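Side-chain atoms are counted along with the backbone in the values below, which use heavy atoms only and exclude waters and symmetry mates. As the structure is a prediction and not an experimental result, all values here were calculated from the model. Numbered from 1 within each chain, the chains take letters A, B, ... in sequence-line order.
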There are 2 protein chains.
Amino acid sequence: MNVNFDMKSFINNFENSCHKVQKKSFSKNEVITSYIQKRNQLCILTSGNADLVRYDLNGNRTIVEHFSQYDAFGEVFYAVTTNNELLVEAREKCEVLFYIYDDIRNKCRNNCKFHQMLAEDLPELILNKVTDLNMRIELLTKRSIRDKLLGYFNLVSSRYLSKSFSLPFSLTDLADYLSVDRSAMMRELKLLKEDGFIDKTGNKITLLYE
Amino acid sequence: MNVNFDMKSFINNFENSCHKVQKKSFSKNEVITSYIQKRNQLCILTSGNADLVRYDLNGNRTIVEHFSQYDAFGEVFYAVTTNNELLVEAREKCEVLFYIYDDIRNKCRNNCKFHQMLAEDLPELILNKVTDLNMRIELLTKRSIRDKLLGYFNLVSSRYLSKSFSLPFSLTDLADYLSVDRSAMMRELKLLKEDGFIDKTGNKITLLYE
DNA sequence: AATAATTTGTTGCTTTTGCAACAGAAAAAG
DNA sequence: CTTTTTCTGTTGCAAAAGCAACAAATTATT
């Protein structure tokens with residue numbers, strides 16, 4: 001199974017091959033889409049970055065997923081079971097392809113290349129999503145803020161193949177992503193520094209262990 | 001998109017159409033499979049129930065997923081990124097179909113009905129898995145034990161279409177599933193009773209709100 | 001360049017959660 | 001049927017996390 005599905009070349013080759021696919025631009029903090037109603041929509045972020053965010057009744061914000069270039073999102077990947085608000089918000093200027101589907105598995109009526117390829121590669125696309133979700137679950141099941149932070153840093157570190165990296169979002173957002181209190185997280189970051197596990201300057205982290 | 005993929009009739013119709021598919025039995029507490037090595041394996045639980053369990057370095061046990069009849073599992077659904085032990089353990093006597101694949105998207109070399117159908121329905125199967133994972137994430141992002149319990153009870157309640165239901169696993173296991181300390185969870189269950197939110201006799205729960 | 005808005009960093013206090021330990025109930029094994 | 005094992009329910013205490021509030025720094029906006 002090809003786990004290295006190349007969204008970039010897919011987009012470049014087929015983006016314009018179907019007139020049903022719409023491209024839209026969003027500026028910072030705009031809502032790209034919501035998962036409240038049932039929309040048969042698959043979205044691909046072609047530039048910028050965005051978050052899938054949930055606001056619960058207590059006013060807590062959770063960053064459910066973070067999207068960067070060529071990530072796919074939409075209700076295809078998320079059968080809505082909750083009564084909470086689920087929004088995709090642009091973190092910066094974003095370009096997004098919207099693909100409205102009839103039946104995700106079949107080609108669209110126009111029989112265009114875009115849909116044909118997408119239908120073919122969808123299982124893989126979804127499997128990648130599953131991998132992300134599983135990593136997220138692994139993080140969230142860690143019992144302490146310290147373990148969540150270290151778990152997250154390890155992930156980012158192995159993704160960038162480096163012990164030094166910049167966080168893809170602000171510390172405020174990181175707390176919402178790890179689902180912990182921001183000030184408690186800041187305290188733990190300080191302790192991690194004091195205990196010699198990490199170095200931290202702004203949002204640049206260096207892992208000092210292993 | 002047909003979200004009601006019927007695994008039961010799929011199994012009944014095609015189980016014996018491919019000699020590559022193996023059926024094995026397991027007794028309570030036996031390890032059905034592990035996710036340590038890369039095995040090209042998709043498993044379907046045809047009877048009994050089992051858990052995907054992770055043991056971390058601190059000795060904490062987490063129930064990552066709970067499987068009952070006709071649930072599918074295996075590394076297809078879980079690109080292993082962790083260095084922790086990931087096991088599927090039988091909770092009771094289980095029967096499991098093992099399907100070793102070459103390429104999940106293509107038919108097997110024998111061109112049998114089983115693989116043909118499975119390849120066709122796989123996207124749907126995976127989407128169901130994604131839904132489960134998202135529900136799990138929603139539970140885990142809740143900030144307190146109380147909210148995790150209520151969130152979980154709501155899920156089970158809506159699945160059984162009843163305010164009264166038996167928990168699918170023991171309270172010890174529930175704590176490992178919600179990723180919280182058992183005694184703290186027991187305390188919170190008692191408080192939920194005292195505060196009139198739930199009724200509880202053994203592992204039978206009744207929701208008293210709404 | 002000046003002002004407004006957001007994010008970071010910090011702290012004291014409160015609440016929640018985890019840990020350890022144990023007795024009784026229930027379930028499994030012999 | 002008896003013994004052993006696991007699970008439930010409970011508690012006191014310790015540790016961790018959440019909350020609230022604020023100043024300083026950074027980043028956007030006009």
Side-chain angles (χ1 to χ4, degrees), chain A residues 27-30 48 51 53 56 58-63 89-93 139-151 166-195 198-205, chain B residues 27-30 48-49 51 53 56 58-63 89-93 139-150 166-195 198-205:
Chain A
S27 46
K28 192 181 164 172
N29 292 327
E30 265 193 285
D51 292 323
V53 174
D56 72 13
N58 308 324
N60 287 317
R61 185 181 82 134
T62 304
I63 296 182
E89 295 175 350
R91 277 295 134 259
E92 56 185 40
K93 198 175 177 312
L139 275 187
L140 291 170
T141 53
K142 299 206 182 283
R143 304 298 174 101
S144 63
I145 294 182
R146 171 166 292 212
D147 284 349
K148 283 179 183 165
L149 281 170
L150 290 178
S166 292
L167 295 172
F169 36 42
S170 72
L171 295 172
T172 304
D173 286 353
L174 180 57
D176 288 342
Y177 182 74
L178 298 179
S179 205
V180 297
D181 179 72
R182 186 189 64 86
S183 69
M185 189 192 79
M186 295 301 285
R187 180 166 37 210
E188 202 55 46
L189 278 171
K190 199 170 74 173
L191 291 174
L192 278 170
K193 264 175 88 171
E194 286 173 16
D195 294 352
I198 64 165
D199 219 344
K200 174 176 173 301
T201 318
N203 78 336
K204 182 160 183 172
I205 305 285
Chain B
S27 44
K28 192 181 164 170
N29 292 328
E30 265 193 286
N49 66 85
D51 292 323
V53 174
D56 73 13
N58 307 324
N60 287 318
R61 185 180 82 133
T62 305
I63 296 182
E89 295 175 349
R91 278 294 135 258
E92 56 184 40
K93 197 174 178 312
L139 275 187
L140 290 171
T141 54
K142 300 207 182 280
R143 305 295 175 102
S144 63
I145 294 184
R146 171 166 292 213
D147 284 349
K148 284 179 183 165
L149 282 169
L150 290 178
S166 293
L167 296 171
F169 37 42
S170 72
L171 295 172
T172 304
D173 287 353
L174 180 57
D176 287 343
Y177 182 75
L178 298 179
S179 206
V180 297
D181 179 71
R182 186 190 64 86
S183 68
M185 188 192 79
M186 295 299 285
R187 180 167 35 211
E188 202 55 46
L189 277 172
K190 199 169 75 171
L191 291 174
L192 279 171
K193 265 175 86 171
E194 286 173 16
D195 294 351
I198 64 164
D199 219 344
K200 172 176 173 301
T201 319
N203 79 335
K204 181 159 184 173
I205 306 286

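Summarising the geometry, the separation between CG on A:Leu191 and P on C:dT10 is reported as 11 Å, rounded to the nearest angstrom. The NZ atom of B:Lys28 sits 14 Å away from the P atom of D:dT5 (whole-angstrom rounding). Taking atom CD of A:Glu92 as the reference point, atom C1' of C:dT6 lies 17 Å away to the nearest angstrom. D:dA23 atom P lies 17 Å from atom CE of A:Met186, rounded to whole Å. Residue B:Asp176 contributes atom CG, which lies 11 Å from atom P of D:dT8 at whole-angstrom precision. What separates CG of B:Asn203 from C1' of C:dA27 is a distance of 13 Å, to the nearest Å. Atom CG of A:Leu189 is separated from atom C1' of C:dT11 by 16 Å (rounded to the nearest Å). For the pair A:Leu192 CG and C:dG9 P, the interatomic distance rounds to 14 Å; values are reported in whole Å.
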N/O-N/O pairs, protein side and nucleotides 12-17 of chain C side, under 3.5 Å:
from: C:dT17; atom 1: OP1; to: B:Ile145; atom 2: N; distance (Å): 2.8

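In this structure a side-chain-to-backbone donor-acceptor pair under 3.5 Å is present from B:Asn203 to B:Leu167.
In this structure, the side-chain contact (heavy atoms from CB on, under 4.5 Å) partners of A:Asp56, at least two apart in sequence or on a different chain, are A:Asn58, A:Asn60, A:Asn84.
Within 6.0 Å of atom NZ in B:Lys204, 12 or fewer heavy atoms from other residues, nucleotides or ligands are found, so the atom counts as exposed in its surroundings.
Using a 4.0 Å heavy-atom criterion, one finds that A:Lys148 contacts no nucleic acid atom at all.
The shortest distance between the side-chain N/O atoms of A:Lys200 and the OP1/OP2 oxygens of C:dG9 is below 4.0 Å. The shortest distance between the side-chain N/O atoms of B:Lys190 and the OP1/OP2 oxygens of D:dT8 is not below 4.0 Å.
A salt bridge links B:Arg146 to B:Asp195: one of the charged nitrogens lies within less than 4.0 Å of a carboxylate oxygen.
On a pure distance criterion of 3.5 Å, no polar donor-acceptor pair joins the side chain of A:Arg182 and the base of D:dG18.
Taking OG1 of A:Thr172 as the reference point, atom CZ of A:Arg182 lies at 5.5 Å (rounded to 0.5 Å). For the atom pair A:Asp176 CG and A:Asp181 CG, the distance stands at 10.0 Å (nearest 0.5 Å). Taking OG1 of A:Thr141 as the reference point, atom OH of B:Tyr177 lies at 11.5 Å (rounded to 0.5 Å).
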